[in-house]
Amino acid sequence: MATHRLSFTYLSQEDLLDAGCFDLRMAMEVAEKTMLDFEDHRILFPEKIVQIFDQASQDRINCLPATLLDEKICGAKWVSVFPRNPKKHDMQNLSAVFILSEIETGFPVAIMEGTLASNMRVAAMGGIAAKHLAKKDSETIGFIGAGEQAKMHLLAMKVVRPSLKECRVSAKTAAEEEQFINELSPLIPDMNFISCQTVAKQAMEDADILVTATSAQAPLLKAEWVKPGAFYSHVGGWEDEYAVAQQCDKIVCDDWETVTHRTQTLSRMYKEGLLSHNDLHADLHELVSGHKPGRQSEQERIYFNAVGLAYVDVAIANSMYQRATAAHIGSSMNLQDTMVFEHHNIVAKIRL
Ligand SMILES: NC(=O)c1ccc[n+]([C@@H]2O[C@H](COP(=O)([O-])OP(=O)(O)OC[C@H]3O[C@@H](n4cnc5c(N)ncnc54)[C@H](O)[C@@H]3O)[C@@H](O)[C@H]2O)c1
């Protein structure tokens with residue numbers, strides 16, 4: 001008799017780390033390929049589902065599906081964003097799980113921890129943007145925000161701009177800056193880290209690459225601190241004054257259309273009639289495919305804003321699953337031994 005067992009691979013964050021999946025080069029390569037697949041209409045990318053539980057804090061759980069037609073994988077990211085977690089529970093605000101199914105039979109193949117992939121995706125998109133838009137000889141990077149996204153961003157920026165040698169970090173508290181430095185300095189031993197004691201100006205003024213990755217909703221970054229030739233990656237919500245974008249020579253988004261529906265600085269400017277489609281230089285995939293140019297002069301100030309493309313998350317999660325499987329890492333879990341009415345003792349288990 002045919003066996004009707006169904007099983008999938010379960011991957012914890014520790015499994016993913018053991019399998020060498022914390023690899024931003026891999027994440028960037030996968031993200032680039034997937035953006036090209038998207039241009040070729042090889043990706044299904046329906047609307048995400050959003051459930052907000054508290055309007056003031058924006059505590060929410062979102063479900064973001066996507067299908068990679070070439071890889072024959074349909075996946076979804078189930079992601080929680082609870083901005084008060086760090087303060088209330090001393091825990092991260094974002095947590096995520098992925099489910100991946102193959103599309104020959106539709107059966108699930110993997111369920112996996114998703115915070116790592118999700119945070120790597122954010123940084124990978126910033127890194128790819130920097131590859132095209134930051135000055136080649138960038139040496140100084142400044143941060144407002146010292147949380148999970150900021151840490152991951154620094155790693156990606158160092159991959160694409162190995163010339164970076166000074167990192168200045170500012171956050172809401174000096175303790176967070178210290179933690180950022182304590183965690184990152186062993187990973188990037190040739191970087192000189194400077195804690196700016198919460199003074200954002202000190203972190204950002206004169207930096208070649210600027211990153212804001214905060215949970216604030218305020219114009220923290222001032223235009224006068226952004227020097228000619230700088231590349232700015234905007235990760236969070238509203239965190240820069242409008243004049244930053246207004247003085248930039250190029251604005252690049254991961255997806256402009258999505259940006260117009262959100263609430264970060266560019267979205268606010270768009271809704272207030274201060275920014276239009278004509279102000280956009282390109283979506284990131286157009287730089288990757290070469291349809292639009294990246295940086296064209298040493299003097300350009302360039303603004304990059306990513307709001308998150310879940311098909312890239314699913315692609316990175318799938319590449320992690322493939323790498324872990326090749327390394328025989330992960331736990332195989334049974335979904336069912338056989339179909340319901342085939343269980344030999346079903347008569348004892350059914351409740352009628
Ligand atoms: N663009 C994307 O695709 C994407 C994806 C995930 C998260 N995000 C956003 O990125 C942001 C950062 O996320 P995270 O996970 O790193 O958060 P986190 O809670 O780990 O860190 C937030 C940081 O913001 C700093 N901060 C808050 N208010 C500040 C202020 N007034 N001045 C200076 N620093 C201040 C805090 O000190 C902290 O270092 C959030 O807004 C999140 O929603 C964006």
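In each ligand, atom 1 is the first atom listed, and ligand 1 is the first ligand listed. From a predicted model like this one, the values you see are computed outputs, not experimental measurements.
Within a 4.0 Å radius of atom 33 (C) of ligand 1, the protein contributes one or more non-hydrogen atoms. Remark: atom 3 (O) of ligand 1 lies closer than 4.0 Å to at least one protein heavy atom.
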Checklist entry - Is there a side-chain hydrogen bond (donor to acceptor under 3.5 Å, both in side chains) between Q322 and S319 once you walk through the steps? => result CA-CA 5 Å; Q322 300 296 340; S319 71; over 6 Å; no
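If you number the atoms of ligand 1 from 1 as listed, the ones under 4.0 Å from a heavy atom of G236 come out as 9 (C), 10 (O), 11 (C), 41 (O). Ligand 1 places these atoms under 4.0 Å from at least one heavy atom of L220: 30 (C), 31 (N), 32 (N). For ligand 1, the atoms lying closer than 4.0 Å to a non-hydrogen atom of R121 are 3 (O). Near I144, meaning under 4.0 Å from any of its heavy atoms, are these atoms of ligand 1: 33 (C).
Contact analysis puts P86 in contact with ligand 1, with a non-hydrogen atom separation below 4.0 angstrom. Ligand 1 lies out of reach of Q92, whose nearest heavy atom is not under 4.0 Å from it.
Residues in residues 121-159 take part in these ring-ring contact (aromatic ring centres under 6.0 Å, His included) pairs, two or more places apart or across chains: F143-F180.
Between R323 and D23 there is a salt bridge, with a side-chain nitrogen of the basic residue lying less than 4.0 Å from a carboxylate oxygen of the acidic one.
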Let me have the donor-acceptor pairs involving side chains of residues 286-295, under 3.5 Å, with sequence neighbours excluded, atom names and distances please.
residue	atom	partner	partner atom	Å
E286	OE1	D283	N	2.8
E286	OE2	K292	NZ	3.4
S289	OG	E39	OE1	3.3
S289	OG	E39	OE2	3.0
S289	OG	H285	O	3.1
S289	OG	E286	O	3.4
S289	OG	H291	ND1	2.8
K292	NZ	H281	O	3.1
R295	NE	L133	O	2.7
R295	NH1	S297	O	2.9
R295	NH1	E300	O	2.9
R295	NH2	L133	O	3.1
R295	NH2	G229	O	3.0
R295	NH2	A230	O	3.4
R295	NH2	E300	O	3.1

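In this pair, Y303 and Y232 present their aromatic rings perpendicular. The plane angle is above 60°, beyond the 30 to 60° band.
Residue nearest to atom 24 (O) of ligand 1, selected from V79, T214, D313: T214 (by heavy-atom distance).
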